[in-house]
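Starting from 1, each residue takes its place in the sequence as its number. Whatever order the structure lists ligands and atoms in, that order sets their numbers, starting from 1.
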Amino acid sequence: MPDVSANVAGLKLRNPTMLASGFLDETGGTLLRVFKAGAGAVVTKSIGPEPRTGNTNPTVVELEVGMLNAMGLPNPGMEDFGAEVKVALDGGAVVVGSVYGKDPDEYAAVASRLESYGVQAIELNLSCPHAKGLGTEIAEDPEAVREFTAAVKAKARVPVMPKLSPNVSDIAAFAGAAEDGGADAIVAINTLKAMAISPELKTPILANRVGGLSGPAIRPVGVRCVYEIYEAVDVPIVGVGGVETGRDALEYILAGARAVQIGTGLATRGMSVFADVTSEVAAYLVTREVHHTSTFRFRSAMEGAPGQFIMVWIPGHDEVPMALSYLGDVKGITVRAYGDATNALLKYTAGDLVGVRGPYGNTFHLDGRRALCVAGGVGIASIIAAVEGFSDRGTKVSTVLAARTAEELIFEERCEEAGEVHVATDDGTRGFHGLAPALAKRVLGQHTFDSVVTCGPEPMMKAVVDLCLERGIPVQASLERFMKCGIGICDACVLDDALVCKDGPIFTGEELAKSHDFGRFRRDESGRRIPL
Ligand SMILES: Cc1cc2nc3c(=O)[nH]c(=O)nc-3n(C[C@H](O)[C@H](O)[C@H](O)COP(=O)(O)OP(=O)(O)OC[C@H]3O[C@@H](n4cnc5c(N)ncnc54)[C@H](O)[C@@H]3O)c2cc1C
Ligand SMILES: Cc1cc2nc3c(=O)[nH]c(=O)nc-3n(C[C@H](O)[C@H](O)[C@H](O)COP(=O)(O)O)c2cc1C
Ligand code: FES
């Protein structure tokens with residue numbers, strides 16, 4: 001199993017799944033059972049200052065798309081709950097205490113009490129849609145979110161994570177308010193306010209009339225909320241709502257979440273949902289692109305920008321440079337089989353371990369109104385983040401995607417999502433029949449480009465750079481040389497007097513125009529100059 005551990009504001013999780021508040025979490029015994037079944041952490045039922053019975057039944061409606069509930073926050077109150085927390089903690093569980101109250105002082109008092117029981121973090125339920133006076137009003141007022149968070153933060157020593165409501169028009173503003181109040185992380189989302197009516201009995205089913213919708217139906221809302229919050233705040237986010245599979249969890253992670261919580265998924269997949277989602281997330285970390293090229297995904301807090309590379313250690317074989325073909329929390333490298341190290345790596349499956357260090361090297365400058373990206377073979381792995389980066393910044397992007405044969409084309413969909421794609425194959429099995437520079441020349445004549453980036457076999461890059469120099473278009477090429485240290489101290493990767501690992505791997509057209517080595521020579525492992 002690859003390292004799927006997560007760190008949410010100092011709360012260390014062995015995997016990115018957590019039990020959502022309100023499910024099997026009123027007693028220490030069930031909290032511990034869920035933890036032992038595989039959850040990275042368990043969140044308690046929302047606890048208030050006094051015992052509370054909640055709403056009368058019916059409190060739950062099962063729907064095809066999820067579940068509607070109006071429990072009304074039943075809980076034993078903070079006094080009695082210490083014994084339950086103790087059972088879970090003594091059994092080794094990572095426990096997050098969920099708190100509610102009617103005013104900031106009550107929230108702070110309950111949070112302090114749960115902290116005194118030993119919980120490792122506090123979640124603030126600021127978002128229950130069906131307990132009047134206990135969440136609904138706070139959830140709709142950003143200033144209240146700030147004030148309640150600040151009151152708890154003033155006393156708490158463990159991380160404090162307000163849980164936000166999706167029943168607002170601009171959830172990012174609420175996340176910003178929580179961050180202003182000192183939140184260490186944000187949890188999103190609670191249930192969506194909803195209702196079910198029985199046509200037969202001609203009456204709302206829930207005794208409370210309205211309740212909160214959970215389960216698969218709300219996942220797209222949750223993912224959208226996490227995405228918007230991620231853009232607005234710097235603190236980590238925990239995604240909740242409709243997670244049942246590893247794919248669902250990855251949606252949240254790719255939207256910006258560090259971890260996910262699972263509630264209703266327990267009803268559909270049972271208690272093994274945590275272990276299943278974890279192994280499914282891990283399984284997504286290796287994708288075979290074409291028969292000799294695979295993408296390996298891994299979670300890493302390391303930074304990374306378009307064009308940068310990492311050093312990948314394949315124990316017993318070698319340590320080799322690889323471009324980051326995916327950025328964000330779940331990074332990726334895309335590996336083509338060449339020799340010993342890459343062939344060994346391609347035999348790896350999800351769960352096998354490699355060492356990674358980095359990221360290293362400089363990054364692409366993503367300026368301009370219209371950019372052309374020219375990729376040959378696995379060279380697309382080095383520039384795909386730039387293709388997407390240009391598009392994210394509003395630059396129009398055209399990509400020339402070239403391979404020897406149709407079956408070897410990779411990342412075509414990602415390029416299409418970013419802009420226009422022109423395919424070339426050496427053997428004519430797809431698109432333009434011929435080499436990338438010939439197609440690039442044609443595309444350069446179709447639009448006015450003010451930026452070109454390229455990566456692929458060096459003769460291809462040389463031809464593309466020459467085309468741009470002739471036309472006066474700024475061009476950047478990502479170069480490959482044999483590397484040892486990757487950090488600019490061993491001289492193995494030298495290109496003229498520049499170091500590809502440190503001064504590169506991206507070089508501008510002007511730099512390459514002056515280069516004696518570019519397109520002509522590389523160095524072998526002993527440092528001898530070899531014609532390309
Ligand atoms: C900054 C940087 C980023 C890179 N990013 C990627 C990437 O994203 N994906 C990827 O698959 N590779 C990438 N590479 C290339 C990768 O590091 C090499 O392919 C790898 O080191 C080869 O190791 P090996 O042990 O498999 O092959 P070796 O045993 O070292 O080489 C076997 C044979 O293949 C030839 N060869 C090796 N590499 C290449 C190559 N790249 N092109 C053509 N012939 C080659 C050698 O000359 C030799 O004849 C990158 C290199 C650099 C410098
Ligand atoms: C029966 C039930 C009880 C819940 N109780 C709480 C609660 O006490 N505190 C809280 O913050 N959220 C509570 N929730 C909301 C969940 O924690 C979660 O945010 C929501 O169900 C979405 O996740 P899911 O689709 O994985 O269930 C409850 C949800 C349900 C269905
Ligand atoms: S790899 Fe050592 S200096 Fe570049």
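- Heavy-atom separations between Phe23 and ligand 2 include at least one value shorter than 4.0 Å.
- At a cut-off of 2.8 Å, Cys493 is counted among the residues with an N, O or S atom near atom 4 (Fe) of ligand 3.
- For ligand 1, the atoms sitting less than 4.0 Å from at least one non-hydrogen atom of Val335 are 11 (O), numbered in the order shown with element in parentheses.
- Inclusion of Gly242 in the set of residues having an N or O under 3.5 Å from an N or O of ligand 2 is warranted.
- Annotation for ligand 1: atoms under 4.0 Å from non-hydrogen atoms of Ala381 are 8 (O).
- Residue-ligand proximity: Glu458 is placed with every non-hydrogen atom at 4.0 Å or more from ligand 1.
- Relative to the six-membered ring of Phe521, Arg523 misses at least one condition, a distance below 6.0 Å or an angle of at most 45° to the axis.
- With a 4.0 Å heavy-atom cut-off, ligand 1 is reached by the backbone of Arg481 but not by any atom from C-beta on.
- Note that Arg414 lies in the cation-pi zone of Tyr326, set by a 6.0 Å cut-off to the ring centre and a 45° limit from the axis.
- Counting the atoms of ligand 1 from 1 in the order shown, those under 4.0 Å from a heavy atom of Arg522 are 47 (O).
- Looking at Thr334 against ligand 1, only its backbone comes within 4.0 Å, counting heavy atoms.
- Distances between N or O atoms of Gln261 and those of ligand 2 include no value under 3.5 Å.
- None of the N, O or S atoms belonging to Cys485 lies under 2.8 Å away from atom 4 (Fe) of ligand 3.
- Under 3.5 Å, the side chains of Ser98 and Thr44 contain no donor-acceptor pair of N or O atoms.
- For Val500, no heavy-atom contact with ligand 3 is shorter than 4.0 Å.
- For the pair Val243 and ligand 2, the shortest N or O to N or O distance does not fall below 3.5 Å.
- When heavy-atom distances to ligand 3 are checked against a 4.0 Å cut-off, Lys484 comes that close only through its backbone atoms N, CA, C and O.
- The shortest contact between atom 3 (S) of ligand 3 and any protein heavy atom is with Asp491 N, 3.2 Å.
- Of the N and O atoms on the side chains of Asp517 and Ser515, not one donor lies less than 3.5 Å from an acceptor on the other residue.
- Residue contacts with ligand 1 leave out Ile333, since none of its heavy atoms falls under 4.0 Å from the ligand.
- For atom 1 (S) of ligand 3, the closest heavy atom belonging to the protein is Gly486 N, 3.2 Å.
- Both the backbone and the side chain of Asn190 come within 4.0 Å of ligand 2, counting heavy atoms alone.
- The shortest heavy-atom distance from Val187 to ligand 2 is not under 4.0 Å.
- Separating the CG atom in Asn75 from the CD atom in Glu26 is a distance of 6.5 Å, to the nearest 0.5 Å.
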